[in-house]
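A note on names: the letters A, B, ... follow the listed sequences, proteins ahead of strands, and every chain is numbered from 1.
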2 protein chains.
Amino acid sequence: MTRRDEIIKQAGLLFSLKGYSAVSMRDIAKAVDIKAASLYNHLPSKQAILEAIVLNLANTFVNHIHDVNQNPSFSTRQKLSEIIQQHIDLSLQQPESVAVLNTEWIHLNGEALDKFKAKRFTYEQELREIIKNGIQEQSITKRDPEVILFSILSTLRTLNLWVAKRKHLTVEDLKADLETILLYGIIRQNKS
Amino acid sequence: MTRRDEIIKQAGLLFSLKGYSAVSMRDIAKAVDIKAASLYNHLPSKQAILEAIVLNLANTFVNHIHDVNQNPSFSTRQKLSEIIQQHIDLSLQQPESVAVLNTEWIHLNGEALDKFKAKRFTYEQELREIIKNGIQEQSITKRDPEVILFSILSTLRTLNLWVAKRKHLTVEDLKADLETILLYGIIRQNKS
DNA sequence: ACACAAAACTAACAATTGTTAGTTTATACA
DNA sequence: TGTATAAACTAACAATTGTTAGTTTTGTGT
């Protein structure tokens with residue numbers, strides 16, 4: 001891991017804990033045990049650090065959902081399963097980056113902000129397509145696609161806030177439960 | 001509405017748009033068309049503004065779920081329905097405050113931070129109880145209560161991010177769809 | 001008209017901010 | 001060994017931060 005990567009990683013951790021604006025370049029420097037001015041040997045600005053974190057992860061998400069959606073061997077149900085898996089994995093592997101992606105993107109400016117918004121829109125569009133296809137082929141209930149989209153996406157996007165605490169469950173069990181809850185709901189009908 | 005209330009309201013709007021740390025007292029002052037120093041005739045500090053927003057709304061949520069949970073005439077299903085309704089209502093009526101509650105509470109300090117965390121824990125505990133009761137009486141599927149809890153709560157807590165855009169749906173239809181999706185899932189079984 | 005309080009103002013403070021300039025140290029290759 | 005490059009350093013900058021002190025304006029009741 002290069003020095004630049006280390007700085008970005010530490011900065012991501014700090015951003016996720018205190019928010020972009022509340023973290024100074026001196027804070028970041030202290031975390032990698034150098035002086036603030038030395039950061040500029042590796043990165044052009046504070047903004048560039050945020051951009052690297054946000055756009056990098058956004059690309060990972062978009063590329064994955066695109067591959068999934070494009071794969072003709074996947075059913076709607078399988079596509080959703082793959083997407084859930086991806087969110088669980090990334091939320092466990094890089095919870096700080098996910099946190100930054102979720103809440104600190106507002107502090108992006110200009111071109112980077114535009115890029116982020118485009119990526120986000122693309123991601124939502126891919127998932128929207130999967131949902132609409134599902135409704136059309138009658139594998140998904142005929143409810144408002146936007147409500148379905150954001151309802152599921154809200155849960156997946158904020159997995160990072162609680163998923164690390166679930167140590168009593170294996171990742172497999174977590175995935176199985178989450179999938180059941182998201183796809184089949186929680187109400188048990190025809191009881192007894 | 002008192003001057004203090006107006007300041008808090010404008011500050012909440014700014015906090016929700018740019019984050020607590022990125023909003024200066026001069027920004028807030030400009031929003032109510034006075035000078036920064038004049039704010040201190042109405043409020044003791046910037047922190048106090050954040051405290052007012054966060055703790056006030058946290059209390060609203062906790063009081064409501066407590067009343068719901070305590071009401072013996074509600075079934076598990078009805079309790080969940082009431083809670084969903086409350087989240088929709090507040091997300092529509094005061095989306096900025098909900099946003100601040102969700103993401104800016106980290107910037108609270110000392111006693112106020114403790115109070116917030118206690119409120120949040122109480123809220124989760126009330127919902128946890130409803131879910132566990134539901135599982136016991138077999139009206140809720142026997143899945144990990146924590147996964148059920150945070151899965152639903154994630155969606156409800158972030159309603160503010162998208163619910164305002166759904167103008168093609170009445171609030172009633174939105175609620176009906178959201179309830180169906182959260183409680184009964186999206187997968188249509190036994191199709192055709 | 002007068003007094004009093006509420007609420008605005010100006011001016012300033014010490015601290016912190018992101019960033020730059022210029023310099024020294026460490027590393028790698030000829 | 002000498003040289004070039006990378007990466008650290010010190011020092012400083014202009015701007016912005018939350019907040020305070022002291023003063024003036026505004027509005028209300030007598």
Side-chain angles (χ1 to χ4, degrees), chain A residues 1-56 96 100 103-113 116, chain B residues 1-56 96 100 103-113 116:
Chain A
M1 194 164 65
T2 133
R3 201 90 170 109
R4 181 175 178 274
D5 293 339
E6 198 194 344
I7 293 169
I8 290 175
K9 188 183 155 194
Q10 293 296 330
L13 175 59
L14 291 173
F15 290 167
S16 74
L17 290 174
K18 320 205 300 166
Y20 176 79
S21 299
V23 175
S24 71
M25 291 300 270
R26 286 164 181 83
D27 292 334
I28 298 169
K30 190 164 283 177
V32 289
D33 207 37
I34 58 175
K35 300 289 173 181
S38 305
L39 294 171
Y40 290 84
N41 285 319
H42 306 276
L43 291 150
S45 66
K46 188 184 176 190
Q47 270 280 321
I49 302 177
L50 182 62
E51 290 177 20
I53 298 170
V54 170
L55 295 182
N56 190 13
E96 310 85 9
V100 173
T103 62
E104 304 307 318
W105 61 266
I106 346 173
H107 300 105
L108 291 173
N109 286 331
E111 201 183 331
L113 180 58
F116 163 79
Chain B
M1 195 163 65
T2 134
R3 202 87 170 108
R4 180 174 179 275
D5 294 337
E6 197 193 346
I7 293 170
I8 290 174
K9 188 184 155 193
Q10 293 296 330
L13 175 60
L14 291 173
F15 289 167
S16 74
L17 290 173
K18 319 206 300 166
Y20 176 79
S21 298
V23 175
S24 71
M25 291 300 269
R26 286 164 180 83
D27 293 333
I28 298 170
K30 192 165 282 178
V32 288
D33 207 36
I34 59 176
K35 299 290 172 180
S38 306
L39 293 171
Y40 290 84
N41 286 319
H42 306 276
L43 292 150
S45 67
K46 189 185 176 189
Q47 269 280 321
I49 301 177
L50 183 62
E51 290 178 20
I53 298 170
V54 170
L55 295 182
N56 190 14
E96 310 86 9
V100 173
T103 62
E104 303 308 317
W105 61 265
I106 346 173
H107 300 105
L108 290 174
N109 286 332
E111 202 184 332
L113 180 58
F116 164 79

Can you tell me how far [atom2] of [N] sits from [atom1] of [X], to the nearest Å?
| X | N | atom1 | atom2 | answer |
| --- | --- | --- | --- | --- |
| A:D27 | C:dT17 | CG | P | 6 Å |
| B:M25 | D:dT20 | CE | C1' | 12 Å |
| B:I34 | C:dT10 | CD1 | C1' | 14 Å |
| B:I49 | D:dT19 | CD1 | C1' | 12 Å |
| A:L43 | C:dT19 | CG | C1' | 13 Å |
| A:L39 | C:dT20 | CG | C1' | 14 Å |
| A:L50 | C:dG18 | CG | P | 13 Å |
| A:I28 | C:dT16 | CD1 | C1' | 15 Å |

Exercise for the section: Look only at the side chain of A:E104 and the backbone of A:Y20, and say whether a donor-acceptor pair between them is shorter than 3.5 Å. Expected result: yes

Problem - Donor-acceptor pair, side chain of B:Q47 and main chain of B:H107, under 3.5 angstrom - result: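 Yes; judged by distance alone, with no hydrogens or angles, the pair exists.
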
Determine: side-chain N/O of [X] to OP1/OP2 of [N], distance under 4.0 Å, yes or no.
| X | N | answer |
| --- | --- | --- |
| A:H42 | D:dA6 | no |
| B:S24 | D:dT16 | no |
| A:K35 | D:dC9 | no |

Problem - Nearest-0.5 Å distance, CD of residue A:Q10 to CD1 of residue A:I28 - result: 10.0 Å

Please classify the nucleic acid contact of [X] as base, sugar-phosphate, or nothing, using heavy-atom distances under 4.0 Å.
| X | answer |
| --- | --- |
| B:V23 | sugar-phosphate |
| B:S38 | base |
| A:R3 | sugar-phosphate |

Exercise for the section: Scan A:I8, A:L108, A:N109 and name whichever one has a side-chain contact (heavy atoms from CB on, under 4.5 Å) with A:L50. Expected result: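 Single side-chain contact (heavy atoms from CB on, under 4.5 Å) partner of A:L50 among A:I8, A:L108, A:N109: A:L108.
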
Exercise for the section: Would you mind telling me which residue lines up with the more 5' stretch of DNA chain D, A:R26 or A:D33, judged by nearest nucleotide? Expected result: A:D33

Handout entry: Under-3.5 Å donor-acceptor pair between A:N41 side chain and D:dA8 base
Key = yes

Exercise for the section: Give a yes or no on whether a salt bridge exists between A:E6 and A:K9, defined as a side-chain N under 4.0 angstrom from a carboxylate O. Expected result: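 Salt bridge flag = no for A:K9 with A:E6.
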
Exercise for the section: With the side chain of B:A37 defined as its heavy atoms from C-beta on, choose the nearest nucleotide among C:dC9, D:dA8, C:dT17. Expected result: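 Between C:dC9, D:dA8, C:dT17, the one nearest the side chain of B:A37 would be C:dC9.
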
